[in-house]
Amino acid sequence: MMGEQQRGGKGASWRALGAMIPADHILRRIDGLIDLGELRHALAPHYSRRGRPSIAPELLIRMSLIARLYGLTSERRLCEEVRFNLAYRWFCRLPLDAPVPHHSTFSKNRHGRFRDAGIFRILFEQTVRRCADAGLIAHKDAAIDASFVAADASWQRKMRDADMAAPRLPRPVCEWLADQANAPPQEHGVPARADDRFGYRPKRVAADTAYGSAAFLAFVTDRGTIPHIPVLERSEQTKGKFPREAFRYEREQGRYVCPAGKILPFRGADRRAGFLRYSASPADCRACYLKRKCTAGSNRSVTHSEHENVRELVRGEMQTPLFKRSMRLRRGVERVFADAKGKRGLTRLHLRGLRGAEEEFLLGAAIANLVLLARPDARPARTRRPPPVPERIDHMARISRGRFEQSYYATIF
């Protein structure tokens, strides 16, 4: 039976406990931003209607928010901190005479009811909708990035194919197998999750060169978004030989022409990698006076991406002032990772399995959005340097600059 969370208590009044918490405390500001009624409604089918009342799920969720906000990765330590910290008790609705749940309660509920009901996904989406209502998400610009987070795993204990036939498998492995069996087939061109749930489709997407592959650029443009992403070039990886730019591409004839004027016709395609291959004749290369500068093999081959037209489009976009502005503002997304690792304890995952990793990332993203929403209204305005050459920045870049800098901190995935 689902337990209820009550305010107040016999030992000390709730008003006296709240009076000890400063008015500008971060937990007091976050408390006014979360609504656990939706979470309780989602959890209701996972509790029995009879029996002894359980620990209120709102208490466990509030304690989980405290753990991620203050970087408490140990649930044992979390319970100890809540026991004597007045601000934590106030946020968790725990009177001074109320006991703190045992640390094992988190594992029992997280691996069961919370995971089945998708509680942390619901909590995260609540924060995204609040950011949208507050005007912190603009539908013009977006920035994406990634960071390395170590998993709670060991190479020495990795499982091989022969180990999968064991009668008893670890819980993360069983969950992964169940997800693989129940997952729908992946189809090309499926809309992004943020577009499905929030109608979020920005006009421009900024990222660093690591995202500049032809396949990803085509993925972005297929959804009607302009990629402000530097094209990933490999021209310098030629070991002193002629780069691909030294060969002239004739689109109408579907062929390349080498610096010596020889033809490189189409020889085949690697559809999985997304490349078309053009190769010269070994006889032409053998008699060529430029062979030593061109290749060390019997003949020279040149690869051509299936999405080369998209790469050309992005190369042209890279010369615009708006692209350079996106590259400057893209760096702000790194602050989210810096806070998550330096302040929120996300340097290493402490939950195992794909579902455990997803829950930690969802909770961390929810905290990032809540901290953004909980900023004091009377904060001093940041002084920003004016553009170096205003006449070279178009009207769209000037009017969208402020909106982008307010929105790129909100985390959506």
[X] and [Y] ion-paired at < 4.0 Å:
| X | Y | answer |
| --- | --- | --- |
| Arg77 | Glu81 | yes |
| Asp145 | Arg335 | no |
| Glu360 | Arg68 | yes |
| Arg129 | Glu38 | yes |
| Asp208 | Arg331 | no |
| Arg315 | Glu308 | yes |

Minimum heavy-atom distance [X]-[Y], with the two atoms named:
| X | Y | answer |
| --- | --- | --- |
| Pro57 | Tyr47 | CB-OH, 3.8 Å |
| Thr225 | Pro202 | OG1-O, 3.0 Å |
| Ile21 | His25 | CG2-CB, 3.9 Å |
| Ile119 | Ala42 | CD1-CB, 4.4 Å |
| Leu39 | Leu123 | CD2-N, 3.9 Å |
| Ile55 | Pro101 | CD1-CB, 3.7 Å |

For Phe91, is the NZ or CZ atom of Arg89 found under 6.0 angstrom from the centre of its six-membered ring and inside 45 degrees of the ring axis? no

cation_pi(Arg355, Trp176) dist<6.0 Å, angle<=45: no

Sub-4.5 Å side-chain heavy-atom contact between [X] and [Y]:
| X | Y | value |
| --- | --- | --- |
| Arg121 | Glu358 | yes |
| Lys293 | Lys241 | no |
| Val231 | Leu217 | yes |
| Val205 | His228 | no |

Arg76 and His103: side-chain hydrogen bond (donor to acceptor under 3.5 Å, both in side chains), yes or no, with the steps? CA-CA 5 Å; Arg76 293 175 183 265; His103 64 84; 3.3 Å; yes

For the residue pair Tyr70 and Tyr88, is the inter-centroid distance of their aromatic rings smaller than 6.0 Å? yes

Taking the six-membered ring for Trp and the full ring for Phe, Tyr or His, determine whether the centres of Tyr249 and His304 are under 6.0 Å apart. yes

Stepwise side-chain contact (heavy atoms from CB on, under 4.5 Å) check, Leu329 with Asp141: CA-CA 10 Å; Leu329 299 181; Asp141 302 271; over 6 Å; no

Indicate the ring-plane relationship of Tyr211 and Phe216, choosing parallel, tilted or perpendicular according to the 30° and 60° boundaries. tilted

If we count only N and O atoms by modelled type, under 3.5 Å, do the side chains of [X] and [Y] hold a donor and an acceptor together?
| X | Y | answer |
| --- | --- | --- |
| Arg277 | Ser279 | yes |
| Ser104 | His102 | yes |
| Lys341 | Ser147 | yes |

Quick one: do Thr73 and Thr347 satisfy side-chain contact (heavy atoms from CB on, under 4.5 Å)? Show the steps, please. CA-CA 10 Å; Thr73 58; Thr347 56; over 6 Å; no

Can you list the residues that meet the side chain to side chain contact (heavy atoms under 4.5 Å, CB included) rule with Gln253, with sequence neighbours excluded? Glu250, Arg255

Excluding sequence neighbours, so at least two apart, what forms side-chain hydrogen bond (donor to acceptor under 3.5 Å, both in side chains) with Arg40? Glu4, Glu58

Mind checking side-chain hydrogen bond (donor to acceptor under 3.5 Å, both in side chains) for Ser48 and listing every partner two or more places apart, or none if nothing turns up? none

Using a 6.0 Å cut-off, check whether atom NE2 of His350 has over 12 heavy atoms from anything other than its own residue. yes

Once rounded to the nearest 0.5 Å, what's the spacing between atom CZ of Phe198 and atom CD of Glu125? 4.5 Å

